[in-house]
Every structure is written in C-alpha cells, then in structure tokens.
Chemist: 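Below is the structure I would like to discuss, written out as structure tokens.
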Number of protein chains: 2
Amino acid sequence: MQLTPLAERFVLHFGEMGSRWGVNRTVGQIYALLFISPNPLNADEIGETLAFSRSNVSMGLKELQSWRLCKMTHQPGDRREYFEAPKDVWEIFRTLAEEKKKREIDPTLSMLRDAMLASPANADDKYAQERMQEMHELIELATGWFNDIHRLSPETLENLMRLGSKVQKVLGFADRLRGGDKPDKPDAA
Amino acid sequence: MQLTPLAERFVLHFGEMGSRWGVNRTVGQIYALLFISPNPLNADEIGETLAFSRSNVSMGLKELQSWRLCKMTHQPGDRREYFEAPKDVWEIFRTLAEEKKKREIDPTLSMLRDAMLASPANADDKYAQERMQEMHELIELATGWFNDIHRLSPETLENLMRLGSKVQKVLGFADRLRGGDKPDKPDAA
DNA sequence: TACAATTTTCAGTAATTACTGAAAGTTCGG
DNA sequence: CCGAACTTTCAGTAATTACTGAAAATTGTA
C-alpha cells in the first residue's frame, strides 16, 4: 500500500513528533496511518506501507493498545488481526489525558505523598516538604478537576470550552447562588 | 552540598520521570533541586550536589531557562550566576502548559492547517482530510479554551476547579440566562 | 587593556533507546 | 491433534541521545 503525498506528510509528521510525545517513531507513524485509514489494517499492510519490520509493527501495535489508541478487530474469513484507531476525537482526547496522567503524573503524586510523611532531617527538609505539599495540592486539584469534567458529555464539555473566559461571570454567579459569601472578585489580566 | 535522604528521593524521582516528561535526567534533577532549595544556587553548587559535570549543568540550566522553569539572579559581590525556580505553583502550571503546547501541539496544528488546504489525490485523501479537520477543530477548541482560562486569576481558576463536575449545572443555568437561543455563538475570545 | 573568573561550545565517548531477523510460541482449520 | 498461518519474543545491532573534559568565549574588575 503506497501512501499519497498528503498521507505521507501526515504520517511522517507524527513519526517526528512521536519522540516529543513520549512514543517512538514507529508508534507515531502507525497511529497516524490508522487514524486516517478508512478501514482497519493488518500488521503486514502496516509494515509494508511504512517500511517497518514485522516485529517492529507488532511492538508498536502493542504499545498503541496499551495506550488504548488502537483496537483489534477481525475480518470475516481472515485469520489475521486487524487494527483501527478510535474515531471519536473527544474520546481520544480523554483517553490520552487519562493515559498520560497514569504514566506522567500518578507516580509523582505517589512519591510526594510518601515524601511528605517522612520526618524532616533539618530546616531545609521542612522547607522542601512545604514546597512538595504545594505541588501536591495543585496536582490533586487539577487532576481531580479533570477527573470530574472528563466525565461530562462531549456536548457539555464543548459548551464549557466555547464559554471560554466568560466562565468567570458564570462562576461569580454560581458563587452567589451557593450562599453568596465571597463575591469572587473578577480580576486578572 | 550533600542532599538529605528526603531531598535525594525527590531529586532522583524527577531525574527518572524526566525522560517521560520530555527532558533528560540532568534537567529533571536540576529542576527538582532548585524547586526545593530555599535559596538560589550557582552552577558549581548544583554540579557538586548532583555529581554532574560543569558543562552538563550549564546545558541543563539553559534548557530549564528555555522552559521558563528557572531564572537567573545575582548575589551582591559575587560574579557567578545564581539560579532559582519560580515559587508560585499556579504560575509554574501555566508556564508548563504554555511551553508544552508550543513544543508538542503547535507544530501539529500548523501541519494540519497546511494538509487540509492541499488538494486530495483520491477518495482516501478526502477521508484523511475529514479526519484531520476533526482533529484540528478539537485541538483548536481545547487550546483556545485553555488560552482563555489560563488568564484567569489563580483564585478564579481554583474556584472553577473546586466546582468540579457541578459546572454542568451552572452551565445549564448560564445557557438559560443567555436567552435560551442557540448555544453555539462564539462567546469565547 | 589585561587578566582572572566564569560560562559556553563542541568533539568524542558512554548510555540508552529503537529496530531487525531469526526462532519460538500460538491459533485455528482440516 | 497436525501443520500452516500468523504473532510474539529476544538477542544482536543500529541509531539516537546524554554526558564529559578541554578549549574557546565572555565578563567584570583592577
């Protein structure tokens, strides 16, 4: 299977960006190919199209599956495994966020929790623990929030996003509804 | 400068996570050290503490500065450059998001814009372009939104985050406030 | 301006990560 | 349950990335 110039451009870009995104070239290119492919592809087709060895394709597909970025299917009367990328971009977005969090944030949260419990050896350790707590609180807040909103329907999420910074007004309003304690000053540049 | 076990744990963790975060071990460790350091450090202190060569420290600091994750200062009567990490975790959060976007998303946005303008060679290209457009729209929406809200004050942002999924209710309410007309007029930006 | 202190660059090397081909493992139709 | 079709594993190698030490460049000061 020969790529058109357009498809090739897309695929090569994903290959190059892969390393910045935390996957290798193979994984990036395979994902790109699956993303724009109208139908599922088997490993041989992928390998032939991208000029990768069969084993490399196998490993790449495994990694994509571990990211939940591709799923295996079967074609009637064909023993080979076929692969396709999820179609819904909102779903992809959520998956990516979840998997990134799992790999890039959760281990740190866990380390921070441990470290904050340790007894400080001196004043610098005390200070370090304060800093860690700040970091921990922010991450908890941000990821907890994400966890909340990523469960919202794509439509609700889209509305929220389209609202943009106007959310501030709505927020002040919500605040008043909650019993009108702090009037949540609308500041910021 | 000898690290306490607590500090060492923190520093080593950042070194290991570094590669997942897109920086090398040196950069991860230097940042961790600066983050928990009560005062600015010079390059020699950093190199001695972490057992890195002077040149490695120099390169690491340059990279951290390019991420805006550390800034240079001077001590009165000392020619050497001192470095410290920004203290405000909300500011760090925003910086990180901006810099990640610049490196990991913007190039793809640009590629997508180009590719969508190209004339499709066949039906598969047409399909590919549709998929690219979906991807492009989602990224634009998500990053545009981020761009909006990251300008909100930390307090407002914190309120939004604490609101969590309850935002849905507020959102429905906002919708009614706007007069119940079609919800998709560009309120943002 | 000259010089000592400091930082940066860079070529060489070490360490890590990516990729391949061959062999082993698995699966399913006959 | 045999054997062909297919997939995975893995040891070896290639490619990339990280790190070092020496030399060059820069900077502040006497």
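Every chain is numbered from 1 and lettered A, B, ... according to where its sequence line falls, protein lines coming before strand lines.
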Chemist: Considering just the side-chain nitrogens and oxygens of B/Arg54, establish if one lies under 4.0 Å of OP1 or OP2 belonging to C/dT7.
Modeler: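 B/Arg54 to C/dT7 OP1/OP2: side-chain N or O found under 4.0 Å.
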Chemist: Establish whether the base of D/dG21 is bridged to the side chain of B/Ser55 by a donor-acceptor pair shorter than 3.5 Å.
Modeler: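 Such a pair exists between side chain and base.
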Chemist: Using whole Å, what does the distance between atom C1' of nucleotide D/dT16 and atom CD of A/Glu16 come to?
Modeler: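 The distance from CD of A/Glu16 to C1' of D/dT16 comes to 14 Å, rounded to the nearest Å.
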Chemist: Is the closest basic N to carboxylate O distance between B/Arg68 and B/Glu98 below 4.0 Å?
Modeler: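 Here B/Arg68 pairs with B/Glu98 in a salt bridge, since their nearest N and O are under 4.0 Å apart.
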Chemist: Roughly, in whole Å, what's the span from CD1 in A/Ile30 to P in C/dC19?
Modeler: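 Result: 9 Å.
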Chemist: What is the distance from CE of B/Met72 to C1' of C/dT7, rounded to the nearest Å?
Modeler: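 Between C1' of C/dT7 and CE of B/Met72: 11 Å.
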Chemist: To the nearest angstrom, how far is B/Arg20 atom CZ from C/dT16 atom C1'?
Modeler: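 Spelled out: CZ on B/Arg20 to C1' on C/dT16 is 15 Å.
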Chemist: What is the distance, rounded to the nearest whole Å, between atom CG of B/Leu41 and atom P of C/dT6?
Modeler: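 Result: 16 Å.
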Chemist: Should the ring pair A/Phe14 and A/Phe10 be called parallel, tilted or perpendicular, given that the plane angle runs from 0 to 90° and is split at 30 and 60?
Modeler: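 The rings of A/Phe14 and A/Phe10 sit tilted, inter-plane angle from 30° to 60°.
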Chemist: For B/Ser53 and D/dG21, is the shortest distance between a side-chain N/O and OP1 or OP2 below 4.0 Å?
Modeler: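 No.
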Chemist: Between A/Ser58 and D/dT7, does any side-chain N or O lie under 4.0 Å from OP1 or OP2?
Modeler: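 Checking A/Ser58 against D/dT7: no side-chain N or O falls below 4.0 Å of OP1 or OP2.
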Chemist: Just the rounded figure in Å: distance from C1' of C/dT7 to CG of B/Leu61.
Modeler: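 Roughly 11 Å, once rounded to whole Å.
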Chemist: Map B/Arg79 and B/Gln65 onto DNA chain C by nearest heavy atom, then report which one ends up closer to the 5' terminus.
Modeler: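 Going by which nucleotide is closer to the 5' end, it is B/Arg79.
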Chemist: Between A/Arg80 and A/Lys62, which has a closest nucleotide on DNA chain D that is more 5'?
Modeler: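 Going by which nucleotide is closer to the 5' end, it is A/Arg80.
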Chemist: Classify A/Thr26 by what it touches in the nucleic acid, base, sugar-phosphate, or nothing, heavy-atom distance under 4.0 Å.
Modeler: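 The answer is sugar-phosphate, as A/Thr26 gets under 4.0 Å only of primed atoms, P, OP1 or OP2.
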Chemist: In a check of side-chain contact (heavy atoms from CB on, under 4.5 Å) between B/Thr49 and each of B/Val11, B/Ile30, B/Leu33, which one passes?
Modeler: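 With B/Thr49 as partner, side-chain contact (heavy atoms from CB on, under 4.5 Å) holds for just one option, B/Leu33.
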Chemist: In terms of heavy-atom contacts, does CZ of A/Arg20 have more than 12 from other residues, nucleotides or ligands at under 6.0 Å?
Modeler: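 Incorrect, the count does not exceed 12.
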Chemist: Rounded off to whole Å, could you give me the CG-to-P distance for the A/Asn42 and D/dC6 pair?
Modeler: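 The answer, rounded to whole Å, is 9 Å.
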Chemist: Heavy atoms under 4.0 Å, any strand shown: does B/Asn56 hit a base, just sugar-phosphate, or nothing?
Modeler: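 B/Asn56: base contact, heavy atoms under 4.0 Å.
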Chemist: For A/Glu81 and for B/Met59, find the nucleotide of DNA chain D with the closest heavy atom, then tell me which residue's nucleotide is more 5'.
Modeler: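 Nearer the 5' end of the strand: A/Glu81.
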Chemist: Send over the distance from A/Phe83 CZ to D/dC6 P, rounded to a whole Å.
Modeler: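 In whole Å, D/dC6 P lies 13 Å from A/Phe83 CZ.
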Chemist: Are side-chain N/O atoms of B/Gln133 and B/Glu137 paired as donor and acceptor at under 3.5 Å?
Modeler: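 Present: a donor and an acceptor within the cut-off.
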